[in-house]
Structure formats: C-alpha cells, structure tokens
J.: 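Take a look at the following structure, please.
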Amino acid sequence: MHTNSTFFLQTGHTQSPLLYLAPMEDITDPSFRFIAKEYGADVLITEFISSDELVANIARTSKKFTIFEHERPVGIQIYGHKKDAMVYAAQLVADANPDFIDINWGCPMKKIVKRFAGAGMLRNLPLMLEITEAVVKSVSIPVTVKTRLGWDENSIVIHQLTPQLQNTGIKALTVHARTREQLYSGNADWNHLRMLKENKSIQIPIIGNGDIIDEISAYNLLNYSKVDALMIGRASIGKPWIFKHIRHFLDTGTLLPAPDTKERVDLCIRHLQKAIEWKGEQRAVHEMRKQYLKYFKELPDFQSIKKLLVTEENPLHLIRTLQILAEMHDNFIYSA
Ligand SMILES: Cc1cc2nc3c(=O)[nH]c(=O)nc-3n(C[C@H](O)[C@H](O)[C@H](O)COP(=O)(O)O)c2cc1C
C-alpha cells in the first residue's frame, strides 16, 4: 500500500498525467479492470458500492469490493446518503486495503438521487460535506470524491464546493463536467475544469472527466484546462487500448495504429477468461455478449459471426469462433 497520497500525481512519465479508468457499474469489475490495466490505465476504481447494502451485509454487494495486488493503485468507490452507513462502509472497505476510497457524489440515476445519494447530494451541500468529513476522519487511507458541476445549469456549485471539499481533508477531486440534469447528454463543459485549475486556493489534484473519446480529445482537455489527471469511462468500453494510445500521444505526439483483428481476438479471449474466473462460466459468457459488437463493430460482415458469438454457451467453442474470426480478417484495418 502507498504510505502517502502522492501517487495521485506521480506518473512515472515525464510529460503526461495519470490516466484513471472511470468507475462504471456492471463494467469495471475485476475482469475489465485487468484488461484496462494491461492496456495502460494507471489508476483503477471499482464500480460504486452501496453503503446501505454493505450495512445490510448483502453478499453480492460485498463481493464488489474485492481488489487484487496487480490492480494497484486501486480505489474502492462507495455511495449513500446516511453518515453512519457511509462511515461503516468506509471502514469495512478500508479493511480490503485499497490505496484510496472514493465517494460518489455524482451518480445521476433517479433511484439514487431521490434518496439524496450520488448527485442528489448536490442539493444538500452541508450534508455532503458532513458525510465526506466523517468518512475522511474514519479511515487512515486517502479519501477522494467524484462529483458533477451541480444539479442543473442554474445551480453550478462546483466552484464554491471544491474549496469546501478540500477542507474536509479529501486528497483529490474528480469532476465529471456535466450537471445532474444533463445525465450523459449534451457536452461536458471543460470551461469549469479550467476555472477550477485557475483558482489558486484549490491545492488538491483535479481529475478531469467527461467526453474524452480519443487521443486528441484527451490532449485538448489537458491542454485547455490543465487538470492534473484524466479519467476515461465510456470510450474505454470495447477500446481499452485507449489508455496506451493516449499515453503514447501525450508522450510523443504521434498516433498508434488501431489494433488488428488478432490483437482484438486475443484481448477478447483474455477478457472472457478473466470474466469466467470472476463470475463463473454462465454469467461471464452471457455478459461478454455485449462486448463483441464493440470490439468488432467495424468489420464489414460481422453480423453473421456475431450471431454465433451471442448464442454460443460453451466458452471453448466461443474461443474457437473468435480464433476463426481472427483468421478470416487478418488484413482488416480498423480506424479506431
Ligand atoms: C454504464 C456506466 C456506469 C457508470 N457507473 C458509475 C459508477 O459506478 N460510479 C461513478 O462514479 N460513475 C459512474 N459512471 C460515470 C462515469 O464514471 C463517468 O463519469 C462518465 O461516463 C463520464 O465520463 P466519460 O465521458 O469518459 O464516459 C458510469 C457511467 C456509465 C456509462
């Protein structure tokens, strides 16, 4: 475990900042985190974990905070709206020895915000600050926060909120540059990230998130806002090499070619095998089905082989089908 929180800024790279894999429910389980790490994600975070469900000792929820040595630095993300439950959850997950705990004050889902959890807490800042401070004080490892700009465009609170969050003792702040009302639509407004970095009273690292889709957008966000680190979510699904490609671009100014079919197939097979280790054969086979289209969507005649991939139950047959796909399309050139 890291004994201090400087890893939030240490890159091991001369020019470019840390690249975080965004926490994503039902996506960033250990199998996807393994693949993302292999392809250059510097910091991993679990999907969000309900503090209320941890209090209720629900086995399925407790499994979500399993982390592995190869993942470090890795954070466990918790959410909730009750101070006692959040403190309990923080202490419980701290025993799993993550490098940090991340508090989710940004989830926009209706069922979450209606109970003032996630982004719902953007409408109750005093309670957000009280819970954050209680969590910080309850554990000896670094605590970070991930949030949005505000509830809606008429209540952008991030500029007053960030210094207050800093005072609670958090070690870094991720800002998804959208409001709760935007959900995932419209554009992330990177102006706010830039304004946060221009505010000299803010010392904690700001991790910029929202709409990084490739090397160029990563460069643009970094260059425009000067955030300390970048977090990438949706663009990594079906394109986990995005981390390696962004790192390469930031370091050299040149673009790497998109992986060929063989590399994608090898990656899919490893992803499937890791998923089987994590959730068992049947669930892994079923949940991987949505991934294939993302990995191979550019292939001209993918529809016919897709049918085989999404109906096959036997992992060995699946692997064979994927290998045939690699043989059939060894010369295909992908754009991304
Ligand atoms: C399927 C999905 C699940 C998500 N789950 C979480 C989550 O568990 N915790 C969280 O903080 N954000 C979650 N998010 C939000 C992402 O972490 C990220 O903030 C958002 O997608 C914007 O970044 P992007 O433009 O790089 O995707 C989720 C997003 C998606 C698309």
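As the structure lists them, so they are numbered: ligands from 1, and atoms in each ligand from 1. All values below were derived from every heavy atom in this structure, side-chain atoms included, with hydrogens, water molecules and symmetry-related copies excluded.
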J.: Counting only nitrogen or oxygen atoms and a 3.5 angstrom limit, does Ala235 reach ligand 1?
T.: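 No, there is no polar N/O contact under 3.5 Å.
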
J.: List ligand 1 atoms under 4.0 Å from Lys146, heavy atoms only on the residue side.
T.: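 Every atom of ligand 1 under 4.0 Å from some heavy atom of Lys146: 10 (C), 11 (O), 12 (N), 15 (C), 16 (C), 17 (O), 18 (C), 19 (O).
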
J.: If you measure from atom 5 (N) of ligand 1 to every heavy atom of His176, Arg234, Glu25, Lys64, which option wins on shortest distance?
T.: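 Nearest option to atom 5 (N) of ligand 1, by heavy atoms: Glu25.
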
J.: Which pairs pass salt bridge (charged side-chain N to carboxylate O under 4.0 Å, His left out) with one or both residues in residues 288-308, sequence neighbours excluded?
T.: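 Counting only pairs at least two positions apart or across chains, the salt bridge (charged side-chain N to carboxylate O under 4.0 Å, His left out) contacts touching residues 288-308 are Arg289-Glu313.
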
J.: Pair Val74, Val43 - check side chain to side chain contact (heavy atoms under 4.5 Å, CB included), show working.
T.: CA-CA 6 Å; Val74 59; Val43 185; over 6 Å; no

J.: Looking at Ala22, which atoms of ligand 1 are within less than 4.0 Å of one of its heavy atoms?
T.: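 Here the atoms of ligand 1 in question are 17 (O).
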
J.: Can you pull out the closest protein heavy atom to atom 9 (N) of ligand 1? Residue, atom name and distance to 0.1 Å, please.
T.: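 It is Gln77 OE1, 2.8 Å.
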
J.: Excluding sequence neighbours, so at least two apart, what forms ring pair (Phe, Tyr, Trp, His ring centres under 6.0 Å) with Tyr224?
T.: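 Residues passing ring pair (Phe, Tyr, Trp, His ring centres under 6.0 Å) with Tyr224: none at all.
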
J.: Going by the closest heavy atom to atom 17 (O) of ligand 1, which one wins out of Pro23, Ser236, Gly233?
T.: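 Closest candidate by heavy-atom distance is Pro23.
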
J.: Taking only heavy atoms of Asn104 into account, list the atoms of ligand 1 that are under 4.0 Å away from them.
T.: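 Answer for ligand 1: 9 (N), 10 (C), 11 (O).
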
J.: For residues Val310 and Leu299: do they belong to one hydrophobic cluster (side chain heavy atoms under 4.5 Å, members Ile, Leu, Val, Met, Phe, Trp, Tyr)?
T.: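 No, separate clusters.
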
J.: Any salt bridge between Asp42 and Arg247, counting N to O under 4.0 Å?
T.: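 Answer for the salt bridge query: yes.
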
J.: Please report the C-alpha distance between Ile141 and Ile101 in whole Å, then the side-chain angles of each, then the deciding distance to 0.1 Å, and finally whether the side chain to side chain contact (heavy atoms under 4.5 Å, CB included) criterion is met.
T.: CA-CA 7 Å; Ile141 55 175; Ile101 292 173; 3.7 Å; yes

J.: Quick test: of every protein heavy atom, which one is nearest to atom 29 (C) of ligand 1, and how far off is it to 0.1 Å?
T.: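 For atom 29 (C) of ligand 1, the nearest protein heavy atom comes out as Tyr184 OH, 3.3 Å.
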
J.: Tell me, please: is Gly210 in heavy-atom contact with ligand 1, that is, under 4.0 Å?
T.: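 Yes.
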
J.: Examine Asn209 against ligand 1 and note whether any of their N/O atoms are separated by less than 3.5 Å.
T.: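 Among all N and O atoms of Asn209, at least one is under 3.5 Å from an N or O of ligand 1.
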
J.: Quick one: do Lys64 and Asp29 make a salt bridge, cutoff under 4.0 Å?
T.: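 Salt bridge flag = no for Asp29 with Lys64.
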
J.: Quick check: are there more than 12 heavy atoms from other residues, nucleotides or ligands sitting under 6.0 Å from CD of Gln282?
T.: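 It does not: Gln282 CD has 12 such atoms or fewer within range.
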
J.: Can you find a non-hydrogen atom of Tyr79 under 4.0 Å from ligand 1?
T.: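 Per 4.0 Å heavy-atom rule, Tyr79 does not contact ligand 1.
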
J.: Which residue holds the protein heavy atom closest to atom 8 (O) of ligand 1, what is that atom called, and what is the gap in Å?
T.: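 Looking at atom 8 (O) of ligand 1, the protein heavy atom closest to it is Phe48 N, 3.1 Å.
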
